[in-house]
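Proteins get letters first, then strands, A, B, ... in listed order; numbering begins at 1 in each.
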Amino acid sequence: ETGVTQTPRHLVMGMTNKKSLKCEQHLGHNAMYWYKQSAKKPLELMFVYSLEERVENNSVPSRFSPECPNSSHLFLHLHTLQPEDSALYLCASSQARGNSPLHFGNGTRLTVT
Amino acid sequence: GESVGLHLPTLSVQEGDNSIINCAYSNSASDYFIWYKQESGKGPQFIIDIRSNMDKRQGQRVTVLLNKTVKHLSLQIAATQPGDSAVYFCAENLLGNTGKLIFGQGTTLQVKP
């Protein structure tokens with residue numbers, strides 16, 4: 001069982017909806033990440049929070065809005081998405097300092113209709 | 001720009017044989033490398049990592065080899081089992097950029113019984 005839990009596992013939403021993805025980590029890490037995984041493409045880094053401060057926004061459209069209220073929780077708020085935003089959204093956590101591996105959740109499979 | 005690539009999109013091996021999955025990276029400033037395994041419906045799972053001051057590291061049934069001269073990384077799986085069937089990703093971390101991993105496209109390992 002992963003130490004990083006993502007909910008929901010599946011989400012179908014229309015282009016005018018507003019929804020949020022939730023991530024919680026139980027590993028005592030202090031950095032959290034959102035990645036996007038699309039078919040036939042490498043994982044794409046979206047956002048990085050280190051010590052609860054956003055340190056990376058990898059040119060992500062404003063229709064994606066992250067929130068990190070504490071070091072254990074991370075949200076991704078979605079609004080007015082496009083069909084091309086359909087993908088697997090993965091949350092990960094790690095230690096903020098030094099080389100340490102990221103630990104991933106099982107993702108939210110998002111379908112935008 | 002930087003990229004991490006895998007030589008083969010699919011690798012098919014017989015159960016019990018050894019598997020070798022290759023990865024080429026392009027950035028000589030990368031100092032940390034990770035191999036992940038992703039099974040269907042799950043997030044990437046950490047397998048093994050290696051720092052640039054090493055050229056070999058062994059785990060349980062897995063070995064990672066790093067050749068900095070030709071910027072090549074490989075994952076060797078001994079006595080491959082059906083449960084090893086998955087997509088394998090290599091990832092590199094640029095010096096000083098903790099957590100901002102660059103992922104390759106992935107190699108699908110198929111284990112034939």
Find out if a path of hydrophobic residues (ILVMFWY) with successive side-chain heavy-atom gaps under 4.5 Å connects [X] to [Y].
{"X": "A:Leu43", "Y": "A:Leu102", "answer": "yes"}
{"X": "B:Leu109", "Y": "B:Val64", "answer": "yes"}
{"X": "B:Phe103", "Y": "B:Val87", "answer": "yes"}
{"X": "B:Leu65", "Y": "B:Ile20", "answer": "no"}
{"X": "A:Met46", "Y": "B:Ile102", "answer": "no"}

Atom [atom1] of residue position [X] - does it have more than 12 heavy atoms of other residues, nucleotides or ligands inside 6.0 Å?
{"X": "A:Lys22", "atom1": "NZ", "value": "no"}
{"X": "A:Met15", "atom1": "CE", "value": "no"}
{"X": "A:Gln82", "atom1": "CD", "value": "yes"}

May I ask you to decide if [Y]'s main-chain N or O and [X]'s side chain share a donor-acceptor pair within less than 3.5 Å?
{"X": "B:Arg51", "Y": "A:Asn99", "result": "yes"}
{"X": "A:Asn106", "Y": "B:Gly43", "result": "yes"}
{"X": "B:Tyr36", "Y": "A:Phe104", "result": "no"}

Where does [X] contact chain B at under 4.5 Å (heavy atoms): side chain, backbone, both or neither?
{"X": "A:Gln37", "value": "side chain"}
{"X": "A:Leu90", "value": "side chain"}
{"X": "A:Arg109", "value": "neither"}

Got B:Tyr32 and A:Pro101 here, is their nearest side-chain heavy-atom distance under 4.5 Å?
-> yes
How many angstroms lie between atom CD1 of B:Ile34 and atom OG of A:Ser94, to the nearest 0.5 angstrom?
-> 8.5 Å
Quick one: pull up OH in A:Tyr35 and CG in B:Leu101 and give me the separation to the nearest 0.5 Å.
-> 4.5 Å
Could you check whether the rings of A:His103 and B:Phe46 sit parallel, tilted or perpendicular, using 30° and 60° as the cut-offs?
-> tilted
Part of B:Gln38 lying under 4.5 Å from any heavy atom of chain A | side chain
Of all the heavy-atom pairs spanning A:Pro42 and B:Gly104, show the shortest one and how long it is.
-> CB-O, 3.7 Å
